[in-house]
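Heads up, the thing below is written out as structure tokens.
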2 protein chains.
Amino acid sequence: MRTPGMTLKELAEMLSLSPTTVSRALNGYPEVNAETRARIEAAAREHGYQPNTMARKLATGKAMAVGHVIPLGEHQMINPIFAEFMTGASEVYSKVGYETILTVVPEKGEEDAYRDLARRHSVDGVIVHAPRTGDPRIKLLTELGLPFVLHGRPVGDDGPSVCLDIKNARAFRQATQFLIDLGHRRIALLNGLEQISFALRRRAGYEQAMERGGIATDPSLSAHQEMTETNGYNTTMAWMQRAERPTAILTSSIISAIGVSRAVRDAGLELGHDVSLITHDDDLSFLRNEGDPPRFTTTFSSISAAGHRCAEMVLDLIAGKPVESEVWDCQLVEGRSTGPAPA
Amino acid sequence: MRTPGMTLKELAEMLSLSPTTVSRALNGYPEVNAETRARIEAAAREHGYQPNTMARKLATGKAMAVGHVIPLGEHQMINPIFAEFMTGASEVYSKVGYETILTVVPEKGEEDAYRDLARRHSVDGVIVHAPRTGDPRIKLLTELGLPFVLHGRPVGDDGPSVCLDIKNARAFRQATQFLIDLGHRRIALLNGLEQISFALRRRAGYEQAMERGGIATDPSLSAHQEMTETNGYNTTMAWMQRAERPTAILTSSIISAIGVSRAVRDAGLELGHDVSLITHDDDLSFLRNEGDPPRFTTTFSSISAAGHRCAEMVLDLIAGKPVESEVWDCQLVEGRSTGPAPA
DNA sequence: TTGAAAGCGCTAACAA
DNA sequence: TTGTTAGCGCTTTCAA
């Protein structure tokens, strides 16, 4: 049923050339006569010749694809951010003729997914999202010999790896400091799941600033949970109902910030007046409006840029080029209504 | 560098059998001696044998993959919904050993992306998202002979195709009717881009109900635009500032509804009191909380279920099984604060 | 019930 | 600069 699509051999026959020459011409090898190459290219274009990827993959032993394994379940709400990331990455792959392979697996099956990808040679490399404490993926991928790039710094010492990250600790230290300078003392932290590298570093930054400011951190004012709107709402609501409620909240995601914002309102309070909010902004442009809620933006703001860069890095890795880890800087952007602490 | 992974030939040699027999045993062909098969299976398991997908693909001519082509740009904000959809679909593919191939392309390159996928034999079938008026994809895919399933009904008559959709018109007719019955007259529609099938059908439903209710539809109360929060916010804000502002708003997406909700508040009005809101709910659970905003839910509510079903359908199509289009029913769920029209 | 042999369409040594 | 010859690892006739 499928349009057959011409083969290399057929094209070669039409040109009275050997498949080898045609292959070489089309793949840009230098040893082809310019005139011959022109002829071949013209014919290929004219007949809409497109090499069969499977054959090429088998012959070269390269999968011409990069894999992204996404665990379902607990972390599922990573989705909107993940989508932005994928957009950036996928663009890069397409540009060099690579394909993007997406594998969605139940939390438990994650390692098997990587094993399968490696053994079946389905991909030449992978991107690992949100490394965690004791993350088994790094060791596994190293063993499998599958090139990978981490989006986020690894937590412990799991051996050498290449990653792209932002200065999480610094960002949150700055943000906390900023609030302290405004006179806040009861500053709450609404963070992501504790075992995730991002969250760990952000907490560290928060705690450092608190310590420097001589403020004892109240553990009940730190929440580590999935960054959903509902979680943000519920946790904030509980905080708002305390006698000594926090006067400022720091969140790790614009998604939770939406929940915070709603909870504050529902508690009969006003954001930027009764409660200040600073959030790490993942630039989900479809979710936010200028100045609301007031937020903390990092240069990592465009998640799609991160996807873009991670993709480039993994391709370099695959090509055997040396690749350095990158840690991007941050930038504090003062929101409209982040005011001094209420008296 | 990569762990080599044993080949069929090697496995066969270890067993002193021919590759043919081993292949047959592993692929469940009936003509293999039970005892031999057991031996083969044991050995395969023991040595962790995993067939090389590329070789298999080349030999069988099947790509063992389904493609999803996502246009960038205008429709980019489809993202969060799309992510949910992909989750459902990907699960299905994985379960049967298929891979998910994602192609993100600039709006213009969409057709070429399909052509390339087909010619390079990268996929056995594709899912087409959000068919539009004069959508070139249907004809193209038919020509290419690439099996496809539409998520959303086609608009015109682009030839036979298989689709999965909800009863959009009926849903919006019902919702509008519901508002009319509550006494609303100035009902606004905040819809998706005009050329998208979903939006067209929803508008039709809205207009039918208005007509039946004997209410002239005010064109300035229908907005067709990308369903982003910002668009929802701005449009609603403009409406709220009119002398005769709408008393009810119907939106096509929970994303725009968030913008509506904020705009109403910022205009100093109260949702469910001054303005009623009903929205088609894509069940992006991370974005909403029970009862806020009041909403209209369809059984299509779980987008991931749609992804799941579309995937099954395309696999059946690929397998040559007959597949019927499906149109899922809807369900009106009354939200907490959708009250009668203000006097 | 098993095996031998011939590809799938391409790339890549090695020759010419 | 071009062509010849082998494969890549698997499936699949066709024989035994």
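Chain identifiers are assigned alphabetically (A, B, ...) following the order of the sequence lines, protein sequences preceding nucleic acid strands; residue numbering begins at 1 within each chain. Values in this document were obtained by computation on a predicted structure and should not be read as measured data.
Rounded to whole Å, the distance from NZ on A/Lys9 to C1' on D/dG3 is 15 Å. One atom, NZ of A/Lys62, and another, C1' of C/dC10, lie 16 Å apart when rounded to the nearest Å. Atom pair A/Arg120:CZ and D/dC8:P shows a separation of 22 Å (rounding to whole Å applied). For the pair B/Leu26 CG and D/dG9 P, the computed distance is 16 Å after rounding to whole Å. Atom CD of A/Gln50 is separated from atom P of C/dG9 by 15 Å (rounded to the nearest Å). Per the geometry, CE belonging to B/Met54 stands 16 Å off C1' belonging to D/dG7, to the nearest Å. Straight-line distance from the CG atom of A/Leu8 to the C1' atom of C/dA12: 13 Å, rounded to whole Å. In this structure, A/Leu11 atom CG and D/dG3 atom P are separated by 13 Å, rounded to whole Å.
Salt-bridge annotation for B/Arg309 and B/Glu324: absent, with no side-chain N of the basic residue lying under 4.0 Å from a carboxylate O of the acidic one. Using a 4.0 Å cut-off between charged nitrogen and carboxylate oxygen, A/Arg24 and A/Glu41 do not count as a salt-bridge pair. A salt bridge does not link A/Arg137 with A/Glu111: every distance from a Lys NZ or Arg NE/NH1/NH2 to an Asp or Glu carboxylate oxygen is 4.0 Å or more.
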Which atoms of nucleotides 12-16 of chain D (N or O only) lie under 3.5 Å from a protein N or O atom, and what are those distances?
unit_1, atom_1, unit_2, atom_2, d
D/dT12, OP2, B/Tyr29, OH, 2.7
D/dT12, O4, B/Thr20, OG1, 3.2

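Checking B/Thr20 against B/Ser23 by side-chain atom types alone, no donor-acceptor pair falls below 3.5 Å. When only modelled atom types and interatomic distance are considered, B/Glu99 and A/Thr103 share no side-chain donor-acceptor pair under 3.5 Å.
Closest to the side chain of A/Val32, out of C/dT2, D/dT2, C/dC10, is D/dT2. Here the nucleotide nearest the side chain of B/Ala55, chosen from C/dT2, D/dC10, D/dG3, is D/dC10. Comparing atom distances between the B/Thr7 side chain and each of C/dC10, C/dT1, D/dG9 picks out D/dG9 as nearest. Listed nucleotides C/dT11, D/dG3, D/dC10 differ in distance to A/Thr21; the shortest reach to its side chain belongs to D/dG3.
Note on B/Tyr49: a side-chain N or O is less than 4.0 Å away from OP1 or OP2 of D/dC10. Residue B/Asn52 places no side-chain N or O under 4.0 Å from the OP1 or OP2 atom of D/dC8.
A ring-centre distance under 6.0 Å is not found for B/Phe85 and B/His308. A centroid separation of less than 6.0 Å is found between the aromatic rings of A/Phe198 and A/His151.
Between B/Leu58 and B/Leu17, the residue whose closest nucleotide on DNA chain C is further toward the 5' end is B/Leu17.
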